[in-house]
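Along the sequence shown, residues are numbered consecutively beginning with 1. These figures come from a predicted structure and were not determined experimentally. One-based numbering, in listed order, for ligands and for the atoms of each.
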Amino acid sequence: MQSFEFQRARDALSAIAAGAKSGTRFVAGGTTLLDLMKLNVERPEHIIDINGLPLDEVEPLADGGLKIGATVRNSALAHHPIVQRDYAVLSQALLAGASGQLRNMATTGGNLLQRTRCMYFRDTAMPCNKREPGSGCSAIGGANRTLAILGTSEHCIATHPSDMNVAMAALEATVHVQGINGERNIPIADFHLLPGSTPQRETLLEPGDLITHVTLPPPMPGKRSLYLKLRDRASYEFALASAAVVISVEGGRIARARIALGGVGTKPWRSTEAEEVLAGQRVGERAFRRAADAALRDARPQSQNGFKVELARRCLVHALNEATR
Ligand SMILES: Cc1cc2nc3c(=O)[nH]c(=O)nc-3n(C[C@H](O)[C@H](O)[C@H](O)COP(=O)(O)OP(=O)(O)OC[C@H]3O[C@@H](n4cnc5c(N)ncnc54)[C@H](O)[C@@H]3O)c2cc1C
Ligand code: SF4
């Protein structure tokens, strides 16, 4: 690990000004950043610790929504009574991630920005367009069993790894950012970018941008929700496929559905295709299967991850069955 300067942020504005300088990174829980520094994948010259900023509250909003500070720990958020009551899918997704110790450190802002677990990204001896633009993608034709089948490009097929962000996508969260040019509110559907020809650019953030908080809209009336995560072992493992569903049913028919998939996309994968298929349909396996087919219609599997197409379909059908039971 190379040497670096470390500084504690005194206030948001000075942190943003310092953060805009090249070679600077914010650190919150450190569970992504320090991990990648030990592997020499991240080599910041300056690190700004944002844990002292007043961004660690969960607060109800006047419109019935919820404001979540950027440094709220994943464990605190998962166990917050309002989240458990009104946004259970988020609590379930957080508790399905990592381990108890990691969740005690990991923050809302850091989780939004966690990096892919593609093994070539984490190995500086191997070509990787995301780590070193233009060097090539070792995963295409290489070890790609855990990688993405939706949203890929010829330059990168890395899976977006977060569980929390999949639930946030189904809940239609908004990410609030403060930067050198002021404040921006970014819908989570736009926050993460597809890899295209620039896989090194993962979000809409600019240098110095500080995530201050995330807001959730008021809970969907009459909603039922569920996060289902399928993985190689029961804990401390990333998703091979996951589904976040938020659904309301009236008179046996689906009034509204919000669907997002994890473990299969290059970003948290909101499926408006599945939502459209479900709207107005009678609750049941037939509609759920049609929705799952729509969600996976554009899947482009690689040499080792074709199994994910059927796994993700079944994951979504099962999640819908359980949520509406
Ligand atoms: C062994 C292991 C297993 C894991 N398993 C899972 C899993 O199953 N599911 C899952 O979802 N996740 C998993 N994770 C990932 C974990 O959830 C993330 O590492 C964590 O959420 C990152 O949060 P952090 O606060 O520690 O981020 P940090 O490491 O502090 O920061 C991550 C990045 O975000 C930037 N940053 C942080 N906060 C802000 C902010 N407010 N504004 C702007 N930039 C910011 C930092 O500069 C850095 O680039 C696992 C991690 C490990 C190490
Ligand atoms: S899939 Fe993306 S992260 Fe993995 S080697 Fe290819 S370019 Fe790098």
Query - Candidate with minimal heavy-atom separation from atom 20 (C) of ligand 1, of V72, T31, V177 - result: T31
Query raised in the report: Which residue holds the protein heavy atom closest to atom 15 (C) of ligand 1, what is that atom called, and what is the gap in Å?
Result: Q114 OE1, 3.3 Å
Requested in this report: Please state which part of R231 comes within less than 4.0 Å of ligand 1, counting heavy atoms only: side chain, backbone, both or neither.
Outcome: neither
**Report entry** Residue and atom name of the nearest protein heavy atom (relative to atom 42 (N) of ligand 1), distance in Å to one decimal
**Finding:** I211 N, 2.9 Å
Query - Protein heavy-atom partner closest to atom 47 (O) of ligand 1 - residue, atom, separation in Å - result: F26 O, 2.4 Å
**Report entry** Minimum-distance protein heavy atom relative to atom 13 (C) of ligand 1
**Finding:** F238 CE2, 3.3 Å
Query raised in the report: What protein heavy atom sits nearest atom 9 (N) of ligand 1, and how far off is it?
Result: D163 OD2, 2.8 Å
Let me have the donor-acceptor pairs involving side chains of residues 120-128, under 3.5 Å, with sequence neighbours excluded, atom names and distances please.
{"residue": "Y120", "atom": "OH", "partner": "A143", "partner atom": "N", "Å": "2.8"}
{"residue": "R122", "atom": "NH2", "partner": "D35", "partner atom": "OD2", "Å": "3.4"}
{"residue": "D123", "atom": "OD1", "partner": "A125", "partner atom": "N", "Å": "3.0"}

Report summary line: So for A70 against ligand 1, with non-hydrogen atoms under 4.0 Å, the contacting part is side chain
Could you tabulate the donor-acceptor pairs under 3.5 Å formed by side-chain atoms of residues 53-65, not counting sequence neighbours?
{"residue": "D63", "atom": "OD1", "partner": "G65", "partner atom": "N", "Å": "2.7"}

Just distance, no hydrogens or angles: give the donor-acceptor pairs under 3.5 Å from side chains in residues 262-269, sequence neighbours left out.
{"residue": "T266", "atom": "OG1", "partner": "G151", "partner atom": "O", "Å": "2.9"}
{"residue": "K267", "atom": "NZ", "partner": "A189", "partner atom": "O", "Å": "2.7"}
{"residue": "K267", "atom": "NZ", "partner": "H192", "partner atom": "O", "Å": "3.0"}

Report task. Please determine if L102 has a nitrogen or oxygen closer than 3.5 Å to a nitrogen or oxygen of ligand 1. Result -> no
Query raised in the report: Is there a heavy atom in R103 that sits closer than 4.0 Å to ligand 1?
Result: no
Report summary line: The closest protein heavy-atom partner of atom 49 (O) of ligand 1 is R25 CD, 3.9 Å
Report summary line: protein heavy-atom neighbour closest to atom 33 (C) of ligand 1 works out as L113 CB, 4.0 Å
Query raised in the report: Does ligand 1 have any atom sitting under 4.0 Å from a heavy atom of D209?
Result: yes
Query - SB check E273 R297 (cutoff 4.0 Å) - result: no
Query raised in the report: What's the shortest distance from atom 1 (C) of ligand 1 to any protein heavy atom, and which residue and atom give it?
Result: Y236 OH, 3.6 Å
Report summary line: Note: ligand 2 atoms sitting under 4.0 Å from heavy atoms of S138 are 5 (S)
Query - Distance filter under 2.8 Å, centred on atom 2 (Fe) of ligand 2 - protein N, O or S atoms that pass it - result: C156 SG
**Report entry** Pairing of E275 and R270 as salt bridge, 4.0 angstrom limit
**Finding:** yes
